[in-house]
Amino acid sequence: MDEVGGSRPAGTLISSPDITPEELQLAVRNHSMPLEALRYDITPVGLHYLLIHFDIPMVDASGYELSVGGHVRNPMRLSIDELMARPSITLAVTLECAGNGRARLHPRPMSQPWLSEAVGTAEWTGTPLAPILEETGVLDGAVDIVFTGLDRGVQGGVDQYYERSLSLQDAMRDEVLLVYAINGRPLPPQHGFPLRLIVPGWYGMTDVKWLRSITVIDRAFAGYQQATAYHHRTEAGDAGVPVTRMLPRALMIPPGVPDFMSRTRFVEPSTQEVEGRAWSGRAPIVSVDFSADGGASWVPATLDEPVSPYAWRGWTCHWDATRPGEYDLCVRAADAAGNVQPLEARWTTEGVENNAVQRVRVVVGAPVDRQLPADSS
Ligand SMILES: Nc1nc2c(c(=O)[nH]1)N[C@H]1C(S)=C(S)[C@@H](COP(=O)(O)O)O[C@H]1N2
Ligand SMILES: [Mo]
């Protein structure tokens, strides 16, 4: 048995199906969204997934200032009151971790061991970034905008503050926000109090929490989370392709009732209305298909209107579950840019962008024993 605090840094590959103590440490700190929470258009804050690389910093809002500087004409410092006095926008945005699906890979890249539900949709309130960059007077030759958090730690042997960058062009998009509220309430500590970045459509690593500074630089940003981590690589040492916008994914609310340990579902012989959500950060979702036979045959689901241009859309599908037996349910989303979820996982060294279809095992028919009041159906 391996001990916690052992010798497997992120980046190690594990072939054993067993989750290691190091992965368990991360999994209990960073939770995903229970799949039944797909019922809500807007995820209640405590059910939204969480990913925190280091420690949650304790921030006193009264002394807080965001600094905006670097390759600019007029560097600025903004208090939370000053940020909140600026024009505000509320946008429903679906966030998903780039590592969603990682724990289903073989061998398994050592990091946060997500299954399929590292996602959530919140109503984020904040002020647009572009006018702030305009007021600071970004100078000619600006290349990247660096967003630095207040949280510090060691990853890949590098002592760092959590930092990510965007190109000037991406940072200037209208929907990019500096956010101070979630679902109508101030950000809680775990979601980035008092201020974070939200870049709709991109995987979650972009949305720097506990934002301390925004720095304009005249070269490509070489920070660890930008230049080393979050690349689609199929071999260690490859240059790889940076992870940016979310690939399409559909998830279903597992029907029926779960077995406590295995999560296998039990459904009475019946006709079922299976439902869930689908999203893509690349282009609007155009179809969701449902399969009750592990992907051998598919039927189209009915799509609801998206919750916002940057959020998931609901879908429903009729399932004839009248015949007792075992079923392997799957759903598959496609977007208008032609991206379709694969049936088999696509392996990458960091376990990013695995948007293989979700599979839910369902037994139609009663479990062996039953201890329910007479009036339950
Ligand atoms: N400062 C800071 N920002 C961060 C992170 C972090 O560890 N530190 N994690 C990132 C990652 S990888 C994800 S997926 C999202 C998760 O946001 P949430 O916890 O609010 O859902 O935050 C991003 N922003
Ligand atoms: Mo993430």
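Quantities reported herein were computed from a predicted structural model and do not represent experimental measurements. Indexing begins at 1, ligand by ligand and atom by atom, following the structure's order.
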Measure from the side-chain N and O atoms of [X] to the backbone N and O of [Y], and report whether any donor-acceptor pair falls under 3.5 Å.
{"X": "Arg313", "Y": "Asp304", "answer": "yes"}
{"X": "Thr43", "Y": "Thr121", "answer": "yes"}
{"X": "Arg108", "Y": "Asp18", "answer": "yes"}
{"X": "Asn183", "Y": "Glu123", "answer": "yes"}
{"X": "Lys209", "Y": "Leu51", "answer": "yes"}
{"X": "Asp144", "Y": "Phe221", "answer": "yes"}
{"X": "Asn100", "Y": "Glu117", "answer": "yes"}

Numbering as shown, the atoms of ligand 1 that approach [X] to under 4.0 Å (heavy-atom distance):
{"X": "Val208", "result": "1 (N), 3 (N), 24 (N)"}
{"X": "Ile52", "result": "7 (O)"}
{"X": "His48", "result": "21 (O)"}
{"X": "Cys97", "result": "14 (S)"}

Q. What's the verdict on salt bridge (charged side-chain N to carboxylate O under 4.0 Å, His left out) for Arg102 and Glu23, showing C-alpha distance, side-chain angles and the deciding distance?
A. CA-CA 11 Å; Arg102 174 181 293 129; Glu23 289 170 293; over 6 Å; no
For [atom], what's the nearest protein heavy atom and its distance?
{"atom": "atom 9 (N) of ligand 1", "answer": "Leu51 O, 3.3 Å"}
{"atom": "atom 17 (O) of ligand 1", "answer": "Arg196 NH2, 3.2 Å"}
{"atom": "atom 15 (C) of ligand 1", "answer": "Gly204 O, 3.3 Å"}
{"atom": "atom 18 (P) of ligand 1", "answer": "Lys209 NZ, 3.5 Å"}
{"atom": "atom 1 (N) of ligand 1", "answer": "Asp151 OD1, 2.8 Å"}
{"atom": "atom 10 (C) of ligand 1", "answer": "Tyr162 OH, 3.6 Å"}
{"atom": "atom 12 (S) of ligand 1", "answer": "Tyr230 OH, 3.1 Å"}
{"atom": "atom 24 (N) of ligand 1", "answer": "Asp207 O, 3.0 Å"}

Has ligand 1 got any nitrogen or oxygen that is less than 3.5 angstrom from a nitrogen or oxygen of [X]?
{"X": "Met205", "result": "no"}
{"X": "Trp124", "result": "no"}
{"X": "Tyr49", "result": "yes"}
{"X": "Trp210", "result": "no"}

Q. With a 4.0 Å cut-off on heavy atoms, does Glu96 reach ligand 1?
A. no
Q.
Measuring from non-hydrogen atoms of Trp202 to any atom of ligand 1, is the shortest distance under 4.0 Å?
A. no
Q. Do the non-hydrogen side-chain atoms of Asn354 and Trp114 ever get within less than 4.5 Å of each other?
A. no
Q | Ring geometry between Trp124 and His191 (parallel below 30°, tilted from 30 to 60°, perpendicular above 60°) | A | perpendicular
Q) With sequence neighbours left out, which residue pairs that include part of residues 324-357 fulfil the ring-ring contact (aromatic ring centres under 6.0 Å, His included) condition? A) Trp319-Tyr327
